[in-house]
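Just so we're clear, the structure is a prediction, and the values are computed from it rather than from any experiment. Here is the naming used below: chain letters follow the sequence lines, and residue numbers restart at 1 for every chain.
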Amino acid sequence: MSEQELVRRDNLQKIKDLGINPYPPELFPVNVTAAEIKANYAEEVLEDGTKNRLNYQKVVIAGRIMAQREAGKAMFMNIMDSTGTIQLYMKRDELGHGDDFTFFDVLVKKLLDLGDFVGIKGFVFNTKTGETSIHVQELTLLAKALRPLPIVKRDAEGNVHDAFTDPEMRYRMRYVDLIVNPEVKQTFLKRTKMVNSIRNFLNERGGLEVDTPVLQPIPGGAAARPFKTHHNALDVPFFMRVANELYLKRLIVGGFEWVYEFSRNFRNEGMDRTHNPEFTILEFYVAYKDYFWMMETTEQLLEKAALDTCGTTDVAFGDKVLNFKAPFHRMSIYQAIEKHSGIDVSEMDEAALREVCKKLHIELDPSMGRGKLIDEIFGEVAEKHFIQPTFITDHPVEMSPLTKKHRSKPGLVERFELYCNGKEIANAYTELNDPIEQRERFEEQVKLMERGDDEAMYIDHDFLRAMEYGMPPMSGIGFGIDRLAMLFTGQASIQEVLFFPQMRPEVF
RNA sequence: GAUUCGGUAGCUCAGGUGGUAGAGCACUUGACUUUUAAUCAAGUGGUCCUGGGUUCGAAUCCCAGCCGAAUCACCA
């Protein structure tokens, strides 16, 4: 244990020896927050010129001690509650009992440490230097801290000194990160604002929020490697879901016309600054709609989310400005490839596509079919160029086994992906609802699997049965919520928008 | 998974061509009854990530490992 931890444990014992409970059970009747005081406090000046502090004569507030400044028989502290920090001012005479100054001299000055929680009763005033502060009349220790916090200081110019910046420590000890780095808290508040905005949008338009299984016997709905687990009582394997698509569609079969779910998905793949093993996709499915309708709805949803979250449709990201004002650009995947490479792949067969890939130095493996090859070419030459929100539409049928064939363009499906800042943030279809064709598409996936594609989809027989009972036409979409949160909060790393990003377990 | 960079006090970091471990803040003791990166004075605090090797001697050089970050690959 470090010297500072030993000191704190010693202080804890001394507090107990004074007959003070360092972890009292009673509720503390807080009646105001730091932000409210700062926003609303004013010293009222009467007509005769004297000051009369009417506001905040009896404040009760609680928070964590973030700074202490002793000044002889007086003392200043900064405490922080969920809304921010506020300064405390206390005098020895006023916290003592007659001539016994033990409380101030021993408890307040010696035994309280940075990080302790205290409850305060007092009145608000402005110091000589103009800082709105609380003149403390009563102080209650609410919880003792036994570890020293990292000390982050900000000077008058707003420069940060000794910031707590080590990403490993920040992610492993997010609680400390949130305490000492206020901007981190803002990022997460913004994320929740965004999610609330989207949820409100969907609810207002008749969407029904539902929950579907995370543990699935067949991991369907996306091309991805699943986590595998085991149920003891049933003695069967289960997979953590990679997507919830097939379950939401079952609910549309069941008669709901608009269902949505913020789905925590799990994919057993690489991790980097845009991938976490568990992440959130919002999926929703709407009966009787097609992907054109879905494009318009997506534009409206994102425009509102940007306004609610950032206060503007021009969202700053690094040195770029992303414009979420509807409508967004639209371009087919073939046009996108041709625009950025000059190559027209629309009529090419698999062999010709392989030649193109070779020229572009794209790694190939034998399991790749025509659709996958086009996807690779798009990823190589075009994807990174779509900074402003852009719908990329009409993908080849081979890479979209759950999507309806295009109404007029042979070999293509009615699908779009939304790209923004060079990254995919949404993926939507006019959904396939022909059970016979769906069975054939699944069988093509099985062939891909036999060819070595370990991400190809399994046949979900119950899903096919559901479709055979009659599935209305519909359109569906999935939004990468973490990536959207990154865009709206200006973060380049997914770890900055997840409270607890996955890391190798710490060894104690 | 590959490559590169990093790991030194509670925090942020310096140092290092092999020879007693450094700073600021924090912490301890003292002064100061409106301070605010408070100030002033004096102190405490280290498995220099771990394990091997080379050497009279390793925090420093070499090898292996652990953990993280960045880039790349796969993926959303």
* **Whole-Å distance separating the CD atom of A/Gln4 from the C1' atom of B/rG43** => 14 Å
* Structure fact -> If pairing means Watson-Crick or G-U wobble with both distances under 3.5 Å, then the partner of B/rU3 is B/rA70
* Within 45° of the axis and under 6.0 Å from the centre of the six-membered ring of A/Phe500, does NZ or CZ of A/Arg174 qualify? -> no
* Asked: Which nucleotide sits closest to the side chain of A/Arg225: B/rU29, B/rC74, B/rC72?
  -> B/rC74
* Which listed nucleotide (B/rU35, B/rC13, B/rG30) is nearest to the side chain of A/Arg69? -> B/rU35
* **Whole-Å gap separating P (B/rC32) and NZ (A/Lys91)** => 16 Å
* To do: Please tell me which of the listed nucleotides, B/rU28, B/rC11, B/rC67, lies nearest to the side chain of A/Pro150?
  => B/rC11
* To do: Please measure how far the C1' atom in B/rU47 lies from the corresponding atom in B/rA31, and state the result in whole Å.
  => 38 Å
* Asked: Does a distance-only test, which skips hydrogens and angles, find a donor-acceptor pair under 3.5 Å between the side chain of A/Asp166 and the base of B/rG68?
  -> no
* Sticking with atom C1', work out how far B/rU55 lies from B/rG18, rounded to a whole angstrom. => 9 Å
* Asked: Taking atom P in both B/rU17 and B/rU35, what distance in whole Å separates the two?
  -> 48 Å
* B/rU20 versus B/rC5 - spacing of their C1' atoms, nearest Å -> 31 Å
* Consider the side chain of A/Glu168, meaning its heavy atoms from C-beta on, and name the nucleotide among B/rG68, B/rU33, B/rA37 that approaches it most closely. => B/rG68
* A/Glu380/A/Lys359 ion pair, N-O < 4.0 Å -> no
* To do: Quick one: look up who B/rC40 pairs with, Watson-Crick or G-U, both distances under 3.5 Å, and put none if it's unpaired.
  => B/rG30
* Expressed as a whole number of Å, how far does the C1' atom of B/rA9 sit from that of B/rG24? -> 12 Å
* Is B/rA64 paired to anything, Watson-Crick or G-U wobble with both distances less than 3.5 Å, and if yes, which nucleotide? -> B/rU50
* To do: Mark yes when over 12 heavy atoms from residues, nucleotides or ligands other than A/Lys447 sit less than 6.0 Å from its NZ; otherwise mark no.
  => no
* Under 5.5 Å between ring centres and under 30° between planes: does that hold for A/Phe279 against the base of B/rA76? -> yes
* Structure fact -> A/Asp10 atom CG is separated from B/rC27 atom C1', nearest whole Å, by 13 Å
* Asked: Within the structure shown, what part of the strands sits under 4.0 Å from A/Arg267 by heavy-atom distance: base, sugar-phosphate, or nothing?
  -> base
* Using a cut-off of 4.0 Å on non-hydrogen atoms, how would the nucleic acid contact of A/Gly270 be classed: base, sugar-phosphate, or nothing? -> base
* To do: Kindly say whether, by distance alone, the side chain of A/Thr127 makes a donor-acceptor pair under 3.5 Å with the base of B/rU35?
  => yes
* Structure fact -> Assign each of A/Met503 and A/Tyr89 the nucleotide of RNA chain B bearing its closest heavy atom; nearer the 5' end lies the nucleotide of A/Tyr89
* Presence of donor-acceptor pair under 3.5 Å, side chain of A/Gln87 and base of B/rU35 -> yes
* Classify the nucleic acid contact of A/Arg147 as base, sugar-phosphate or nothing, counting any heavy atom under 4.0 Å across all strands shown. => nothing
* Structure fact -> Tested for salt bridge (Lys or Arg N to Asp or Glu O under 4.0 Å) against A/Glu496, the lone hit among A/Arg191, A/Arg170, A/Lys190 is A/Arg170
* **P spacing across the pair B/rU8 / B/rG46, given as an integer number of angstrom** => 15 Å
* To do: Assign A/Phe76 to base, sugar-phosphate, or nothing according to its heavy-atom contacts below 4.0 angstrom with the strands shown.
  => base
* To do: For the side chain of A/Lys73, starting at C-beta, report the closest nucleotide among B/rU35, B/rG68, B/rC32.
  => B/rC32
* Could you give the CG-to-C1' distance, from A/Asp105 to B/rC32, as a whole number of Å? -> 13 Å
* To do: Determine: side-chain N/O of A/Lys153 to OP1/OP2 of B/rU12, distance under 4.0 Å, yes or no.
  => no
* Rounded to whole angstrom units, what separation is found between the NZ atom of A/Lys109 and the P atom of B/rG30? -> 9 Å
* 5' priority, RNA chain B, between A/Glu131 and A/Arg172 [closest heavy atom] -> A/Glu131
* Listed nucleotide nearest any side-chain atom of A/Ser133, set B/rC67, B/rC32, B/rU35 -> B/rU35
* Asked: Angle class for the A/Tyr419/A/Phe386 ring planes (parallel below 30°, perpendicular above 60°, tilted otherwise)?
  -> tilted
* To do: Classify the nucleic acid contact of A/Asn268 as base, sugar-phosphate or nothing, counting any heavy atom under 4.0 Å across all strands shown.
  => nothing
* Atom pair distance, as rounded to whole Å: CZ in A/Arg8 and P in B/rC11 -> 13 Å
* To do: Among B/rG68, B/rU28, B/rU12, find the nucleotide with the atom closest to the side chain of A/Asp113.
  => B/rU28
* For A/Arg147, does the CZ atom sit with more than 12 other heavy atoms under 6.0 Å from it, leaving out its own atoms? -> no
* Any N or O donor-acceptor pair linking the side chain of A/Glu424 to the base of B/rA76 at under 3.5 Å? -> no
* Asked: A/Ile151 has a side chain; which of B/rA76, B/rC11, B/rG10 sits nearest to it?
  -> B/rG10
* Identify whether any heavy atom of A/Glu417 sits under 4.0 Å from a base atom; if not, whether one sits that close to sugar-phosphate; answer base, sugar-phosphate or nothing. => nothing
* Asked: Which whole-number value in Å describes the distance from A/Arg504 CZ to B/rC66 C1'?
  -> 9 Å
* Structure fact -> Using Watson-Crick geometry (N1-N3 plus N6-O4 or O6-N4) or G-U wobble (N1-O2, O6-N3), each under 3.5 Å, B/rG19 is paired with B/rC56
* Is atom NZ of A/Lys384 surrounded by more than 12 heavy atoms (other residues, nucleotides or ligands) closer than 6.0 Å? -> yes
* To do: For the residue pair A/Phe266 and A/Phe227, categorise the inter-ring angle as parallel (less than 30°), tilted (30 to 60°) or perpendicular (more than 60°).
  => perpendicular
* Asked: Mind checking the P distance from B/rG15 to B/rG7? Whole angstroms is fine.
  -> 11 Å
* Structure fact -> Distance col, row A/Lys38:NZ vs A/Thr33:OG1, nearest 0.5 angstrom, shows 10.5 Å
* To do: Counting Watson-Crick and G-U wobble pairs only, both distances under 3.5 Å, name the nucleotide matched with B/rG45, or none.
  => none
* Asked: Which whole number of Å gives the distance between the P atom of B/rA73 and that of B/rA37?
  -> 47 Å
* Among B/rU34, B/rC72, B/rU35, which nucleotide sits nearest the side chain of A/Arg273? -> B/rC72
* How close or far is atom P of B/rA70 from atom CD of A/Gln491, stated in whole angstroms? -> 12 Å
* Structure fact -> Answer for the Watson-Crick or wobble partner of B/rC25, both distances under 3.5 Å, is B/rG10
* Does A/Asp272 get its side chain close enough to the base of B/rC74, under 3.5 Å, for a donor-acceptor pair? -> yes
